[in-house]
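In what follows, a structure is listed as C-alpha cells, so that the remarks can point back to it.
Model, not experiment: these values are computed from the prediction. Naming convention: chains lettered A, B, ... in sequence-line order (proteins, then strands); numbering from 1 in each chain.
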Amino acid sequence: MTVAGRPIYAGLTSPFPRPERLVAATRDLDRGRTTPELAEKAFIEAETELLALEERLFSNVTAGYFRWNDLFRPIAEAWGGFTVGPLTRWLETNTFFRQPILSAPPRRTAGAIAARLPPPLATRTAAARVLLPGPFTLTQVLENRSGASEIELLRSLGRLLGEEVRELGGLGYGVFQFSDPILVTDPPEAPAAAAVQDAYQSIADAHPGATTIVWTFGAGAGPALPLLDRLPVSVVGIDLADTEPEALRPGPERLGLGLGIIDPRTTLPEALDDTVGVVREALRRRPSSSVWLGPGAPLDLLPARPAEQKLLRLSDVRHALLREGLA
Amino acid sequence: MSARLFPTQEIGSLQKPSLEALREWEERLHFLSRLPRIPEGVLLHPDVATLQNLRAAFAIALLESAGLDRVYDGEARRVEMYEYAVRQMTGFQFQGHVRSWDSKYYRKGTVVNRVDLIAPYHLDEFDFVREHARTAVKLPITGPYTLADWSYNEYYLARQAGWKGRPQRRAAQREFVVDLARRVLRPTLESLIDHGCRVIQIDEPAAGTHPDETPLVVEGFNEATQGLDAEFSMHICYSRYQDLLPALLEAKACRQWAWEFANRDAEGHDGYEVLKLLREYSDTRSIGLGVVDVHRDAIETPAVVSERIQRASRYLGDPTRIWVNPDCGLRTRSLPVAYAKLQAMVEGAKLARTQVEGPAR
C-alpha cells in the first residue's frame with residue numbers, strides 16, 4: 001500500500017512487553033512456584049495472541065520476542081568469546097541489561113540466534129522482522145577484554161552479524177532490524193564512523209536481497225544524519241519523540257524513512273491528528289522512497305495493556321496516512 | 001560535621017526477613033527486648049502491623065549492632081521506595097508491570113490527574129524508629145525528581161498542545177516535579193520536622209538518568225526543602241557525577257552528598273577521583289562516602305574501606321567532611337552479607353580514624 005506512490009509499512013521495532021499472565025508465570029518460575037512446562041505454556045499463549053494482533057494490523061510480525069531478556073543476551077549467551085556480565089542501565093531508562101563481556105575474539109555459533117528467535121516466526125519467515133543489536137551499539141555496551149581495538153571490534157562484529165543475516169536469510173528471513181541507538185545518543189566520530197560503515201557494508205554484502213533497517217532512538221538524530229545517510233541499509237529509522245522534524249533534511253533516494261511515532265515513555269495515547277501531522281511534516285522535509293512507522297524507543301518500556309493500545313494507534317495512523325494519500 | 005572523624009551511617013533499605021529468619025537473628029541481636037512483650041501466640045502468627053514492628057526493631061538492632069552512628073529501620077514498612085510513596089498520593093493509576101531486567105518487574109504508576117497528598121507519610125515509622133533506636137536517626141525519603149522520572153506522565157503531558165516532542169515532554173516533566181515537590185514532599189517534610197525529625201536524606205537515584213535535567217533535580221529539591229529546619233542530604237547512585245556538576249551544587253539546603261563510589265572502584269579505575277571536582281568547585285558540603293558495594297557478595301576488608309576513606313579525604317582535602325556509608329540500600333544482599341559488610345565498614349572507619357588521628361588514648 002502506498003501514500004503518494006510510496007509504500008507505507010508499520011510494525012513493532014522492539015520486544016513487546018510481557019502480558020500480565022506471562023509476568024506472573026515467569027515470576028513464579030523464578031521463585032520456584034511453577035514448572036518450566038507451565039511457564040512455556042504462558043510464553044506460547046503470549047506469542048500466539050500478539051502474533052494474531054500483529055497479523056491483523058501489520059505486514060511485518062515479531063511475535064513479541066518475549067523470551068529475550070535483553071537485546072544483547074542471545075549474543076552474550078551464544079557467541080564464542082562472550083559471557084553474560086553485570087546489570088547495566090539501558091540508556092536513559094529505568095531498565096537494565098546484562099552487559100556482554102568479550103574476553104576473546106568473538107565467534108559466531110551457527111544456528112544459535114535462529115534457535116532463539118520466537119518459535120512462531122519459523123513458519124512466517126517472509127513476514128518476520130528479525131531484531132538484532134546494531135554493531136555500533138553492541139560495541140559500545142560490551143566490556144571489551146579481548147584486546148581488540150574498538151575499530152577492529154566494529155569490523156569483526158559487523159562481519160559476524162553479516163554471517164548471521166546470511167544464515168537467517170537462508171532460512172527465509174528477509175527483514176532485519178538493527179537497533180543502534182548509540183549512533184544518535186553518542187555519535188561516532190572518525191575513524192569509528194568509517195568502521196560503522198564497514199560493519200553495515202559487511203551486513204549488506206552478506207545478503208544483498210534483504211531489507212535492512214537501522215533503528216535509532218534516545219536522542220535527536222539530526223547530528224547523526226550525515227553518517228546514517230551513508231550507511232548501506234534499506235531504511236534509516238529515527239525517533240520523532242526525540243528528533244524535531246526541523247532537524248530532518250533530504251537523504252539519498254534509495255533510503256526508506258523509518259519514523260518512531262509512538263512514545264513508550266508515556267502511557268498517554270498519541271493524538272491521531274498530531275501524529276499524522278508530524279509524519280506529514282517529516283516527509284515534507286525528507287522525501288523518501290518508503291515509510292516505516294513504529295514505536296520510537298522500545299515499546300517494552302510500557303506495561304502490556306497500554307502498549308497494546310499504542311499498537312492500535314500505530315495502525316490508525318498508518319490507515320489515516322493511507323486515506324490521505326488516496327484522497 | 002560530626003564530633004569525631006569518619007562517623008558511619010546507613011543509606012536505606014535492607015532485605016525484609018521472614019519470620020524464621022527473625023527468630024534466628026533474635027538469638028544474636030535480642031531485638032525483642034526493645035518492644036513491649038509480644039505473646040508467643042502472636043509471635044508465631046503475627047498480623048501485618050506486628051510483623052512490620054518486628055522487622056523494624058530487627059533492622060534498628062542490626063544496624064546498631066554493626067556499630068553505625070546513624071540508623072533507620074531498613075525501610076521495613078515500605079513495599080519499595082517508589083510504589084510506597086506514590087500510594088500516599090492521589091492522581092496516580094497503576095497499569096501493570098514493567099520489566100526491570102530478566103524476570104524482575106516493578107509496577108510503574110501513571111499520573112492521570114494533578115498530584116496531591118493524601119496525608120503526610122513516614123510519620124509513624126519515624127516515631128517508631130525514634131522510640132526504639134539508641135543512636136541518632138536519619139530518615140530516607142524518595143525525592144520528587146525520582147518519583148516523576150519513574151512514573152508515566154499523562155496528566156501534565158496532555159496539557160501540552162500538539163505533538164509531544166522533547167521540548168513538550170521536558171515542560172510537562174517540570175510541572176510534574178514541581179507539583180510533587182510543593183504539594184507532596186514539602187508538606188510531608190514539614191510534618192516530619194514537626195515530629196522531631198532532624199536528619200533527612202532525599203533519595204534521588206534517578207538524578208543521573210538524564211544529566212541534562214539536573215537543574216530540574218535541583219529545582220525539585222529546592223522547592224521541597226527551602227527554608228525548612230532540618231539537615232538534608234541527597235543520595236544519588238550509579239551516575240556519572242561529573243555530568244551533574246556544577247548544576248547540582250545549586251541544591252541550596254543540601255548539607256551532604258551521599259553517593260555511591262565503591263561499585264566503580266576497581267583495579268585500574270579510581271572510583272573516588274570524581275571527588276576532586278567538588279574541591280575544584282569549592283563545594284564544602286559533607287560527603288556520605290559509599291565504601292562498600294551493595295551489588296557484590298564479597299565482603300570488603302576493613303583495610304580496603306580504610307584506604308578508600310583516606311583516599312577520598314585526600315581528594316577532598318578535608319577528612320572532617322566524610323561520613324561513611326554503603327553505596328546504596330543493602331536490600332539486594334542477604335542479611336548475613338549485609339551485616340558483614342556493615343561491620344567491615346565500621347571497622348574500616350575505625351582503622352582510618354586511627355591512621356589519620358593516631359591511636360585513641
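In this structure, CZ on B:R169 lies 5.0 Å from CG on A:D263, to the nearest 0.5 angstrom. Taking CD of A:E20 as the reference point, atom OH of B:Y105 lies at 9.5 Å (rounded to 0.5 Å). Annotation: the span from B:D102 atom CG to A:R73 atom CZ amounts to 4.0 Å, rounded to 0.5 Å. The OG1 atom of A:T95 lies 7.0 Å from the OH atom of B:Y106; values are rounded to the nearest 0.5 Å.
Heavy atoms only, all atoms of each residue included: B:W101 and A:F96 are closest at CB-O, 3.6 Å. When all heavy atoms of B:K164 and A:D274 are compared, the pair lying nearest together is NZ-OD2, 4.4 Å. Nearest heavy-atom pair across B:E154 and A:L268 is CG-N, 3.4 Å. Nearest heavy-atom pair across A:E244 and B:R166 is OE2-N, 4.0 Å. What you find for A:P303 and B:Y152 is that their closest heavy atoms are CD-OH, 3.2 Å.
The environment of CZ in B:R174 is sparse: at most 12 heavy-atom neighbours from other residues, nucleotides or ligands sit within 6.0 Å. Other residues, nucleotides and ligands place no more than 12 heavy atoms under 6.0 Å from the CZ atom of A:R21. A:E246 CD: more than 12 foreign heavy atoms inside a 6.0 Å radius.
Looking only at heavy-atom pairs under 4.5 Å with chain A, the residue among B:D149, B:T110, B:V112 that has the most is B:T110. Among A:L301, A:D30, A:V278, the residue with the largest count of heavy-atom pairs under 4.5 Å with chain B is A:V278.
Residues A:L302 and B:Q95 form no side-chain contact, since every pair of their non-hydrogen atoms from C-beta on lies 4.5 Å or further apart. Counting heavy atoms from C-beta outward, B:W163 and A:E281 have side chains that stay 4.5 Å or more apart. A heavy-atom distance below 4.5 Å is not found between the side chains of A:P17 and B:H97. In this structure, B:K108 and A:T267 have side chains that are not in contact, with every pair of non-hydrogen atoms separated by 4.5 Å or more.
Looking at A:P264, only its backbone comes within 4.5 Å of chain B, counting heavy atoms on both sides. There is no contact between A:W90 and chain B, counting heavy-atom distances below 4.5 Å. For A:A241, the parts sitting under 4.5 Å from any heavy atom of chain B are the backbone and the side chain alike. If you measure heavy-atom distances from A:T243 to chain B, you find no contacts under 4.5 Å at all.
Listed by chain and number, the residues in a side-chain contact (heavy atoms from CB on, under 4.5 Å) with A:T13 are A:R129, A:Q177, A:W215, A:P295 (sequence neighbours excluded).
A:R265 and B:N153 share no side-chain donor-acceptor pair at under 3.5 Å.
When each of A:T26, A:N69, A:V23 is tested with B:R99 by the rule side-chain contact (heavy atoms from CB on, under 4.5 Å), just one qualifies, namely A:N69.
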